[in-house]
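Each remark here refers to the structure printed beneath this line.
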Amino acid sequence: MAPITVVEGRRLALSNLEKVLYPATGFTKGEVLHYYATVAEVLLPHLRDRAVSFLRYPDGPDGQVFFTKNVPPGTPEWVTTAEVPRVEGPSRMVLVQDLPSLMWAANLVTEFHTHQWLVGTPDEADRIVFDLDPGAPASIVQCCEVALWLRERLADDGIEAYAKTSGSKGLHLLAAVRGASSEQVSEYAKELAVEAEKAMPRLALHRMTRSLRPGKVFVDWSQNAARKTTATPYTLRARPEPTVSAPVTWEEIEECGAPDRLDLDARDLAPRVQDYGDLLAPLLDPDRAGSLP
């Protein structure tokens, strides 16, 4: 029988704590839960009031990996849910609003993915995101070059950008925006991706065409669509090692000369949070949100 843990007054059955989820490092499910408890203070504000899509990998990244978007069977009644507009019609999804809900969700063994809008205002995007995805032999080093260009370009329009690793091969660029729909933000993001390709034709690419990808960074603007989700800051990823979609400083991006410089996993995050706090906290401040031109 799974041990019962009480988290802020909520009873949780946390199972298989000794199970190794990341064989390359021996990282266990218990360590996954400990990681989420450790970063909860900085993670929860980025989850709060956003419908969550779970990318589950209960047997580790080498086992079955699958998305769960609707409220999973057996969800405790105290976990907040909300009706969310979807292309196929409204559906009820989970909101991770507090520590007990986070630990319940983490026990499912999942990545956290969220939209660029809040459930209370689904018609208005509050974030813009660029997913910078390198095609080999390009790496995160080249992603950093593109990110620096995009940062300056966004700044020209009065929009302040922040960065995090994808937790995989690339980099995510995010900024807070206001007063625009997801469709308008997508159009603006595409314009900047096209500009990036014109400015850096040997480095950046705005199209997904696979034959064009080798050696270039795909500036994926499409995740701004209302239906799309992106890996939430601080989420663990279903990768061979317990990598994290981790916020990074612009100094780290400027100085990134080798891919392993920004290869961050769960074991790196506690000291980083202690040193930096939440590097993405400005995204949560409505007064710092920019308006599209």
Side-chain angles (χ1 to χ4, degrees), residues 20-29 31-32 34-36 38-39 42-43 46 55 57 60-63 65 109-113 129-152 161-174 196 200 202-205 210 212-220 223 230-281 283:
V20 174
L21 292 176
Y22 294 91
T25 61
F27 204 74
T28 65
K29 184 176 179 183
E31 289 173 299
V32 166
H34 181 263
Y35 165 76
Y36 279 116
T38 301
V39 300
V42 290
L43 166 58
H46 295 285
L55 182 60
Y57 53 108
D62 295 328
V65 180
V109 186
T110 182
E111 295 183 2
F112 295 91
H113 290 246
V129 61
F130 295 91
D131 181 0
L132 307 182
D133 185 17
S139 70
I140 199 170
V141 175
Q142 285 71 40
C143 291
C144 289
E145 294 182 52
V146 176
L148 290 167
W149 186 92
L150 283 168
R151 180 197 188 193
E152 293 301 319
Y162 300 87
K164 65 184 179 75
T165 64
S166 68
S168 180
K169 299 176 295 181
L171 203 63
H172 292 164
L173 212 61
L174 304 104
M200 299 171 286
R202 298 191 178 194
L203 185 61
L205 187 69
R210 291 208 170 273
L212 302 175
R213 298 282 299 278
K216 294 186 177 182
V217 174
F218 173 42
V219 182
D220 186 356
Q223 292 185 29
T230 304
T232 307
Y234 301 102
T235 186
L236 278 162
R237 303 306 303 266
R239 305 288 297 175
E241 299 189 8
T243 54
V244 173
S245 188
V248 291
T249 68
W250 284 110
E251 289 75 18
E252 288 175 306
I253 289 174
E254 289 167 353
E255 296 169 4
C256 182
D260 60 359
R261 291 289 296 273
L262 293 180
D263 190 11
L264 301 170
D265 69 27
R267 296 158 294 190
D268 299 312
L269 264 287
R272 286 182 65 85
V273 170
Q274 187 172 11
D275 290 344
Y276 296 119
D278 180 14
L279 288 168
L280 302 181
L283 295 175

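If you read the sequence from its start, that first residue is 1, and numbering goes on from there.
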message = Taking salt bridge (charged side-chain N to carboxylate O under 4.0 Å, His left out) as the cut-off, I'd like each qualifying pair that reaches into residues 163-174, sequence neighbours left out, listed once.
response = none
Side chain to side chain contact (heavy atoms under 4.5 Å, CB included) between Leu283 and Leu174, intermediate numbers included = CA-CA 8 Å; Leu283 295 175; Leu174 304 104; 4.0 Å; yes
Using atom types as modelled and distance alone, determine if a side-chain donor or acceptor of [X] lies under 3.5 Å from a backbone N or O of [Y].
X	Y	answer
Thr232	Phe112	yes
Trp250	Ala161	yes
Tyr35	Leu269	no
Glu255	Glu252	no
Glu152	Trp149	no

Calculate, to the nearest 0.5 Å, the distance between atoms [atom1] and [atom2] belonging to [X] and [Y] respectively.
X	Y	atom1	atom2	result
Leu203	Cys143	CG	SG	8.5 Å
Leu280	Leu43	CG	CG	11.0 Å
Arg261	Leu264	CZ	CG	11.0 Å
Ile140	Leu262	CD1	CG	4.5 Å

If you define the side chain from C-beta out and look only at heavy atoms, does anything of [X] sit under 4.5 Å from [Y]?
X	Y	result
Val219	Val146	yes
Asp265	Arg239	no
Glu31	Thr28	yes
Cys144	Leu171	yes
Ile253	Arg151	no
Thr243	Thr165	no
Arg267	Thr25	yes

So which atom in [X] and which in [Y] form the shortest heavy-atom distance, rounded to 0.1 Å?
X	Y	result
Gly277	Tyr234	O-OH, 4.1 Å
Val141	Gly257	CG2-C, 3.8 Å
Pro242	Leu236	O-CD2, 3.4 Å
Thr110	Tyr36	O-OH, 3.6 Å
Ala204	Lys216	O-CD, 4.4 Å
His172	Ser166	NE2-CB, 3.5 Å

ask   = Can you say whether the rings of Tyr22 and Phe27 are parallel (under 30°), tilted (30 to 60°) or perpendicular (over 60°)?
value = perpendicular
note = Residue set satisfying side chain to side chain contact (heavy atoms under 4.5 Å, CB included) with Glu111, at least two apart, ordered chain then number -> Leu55, Tyr57, His113, Thr235, Arg237, Ala238
message = So, using side-chain hydrogen bond (donor to acceptor under 3.5 Å, both in side chains) as the criterion, who are the partners of Arg213 when residues are at least two apart?
response = Asp133
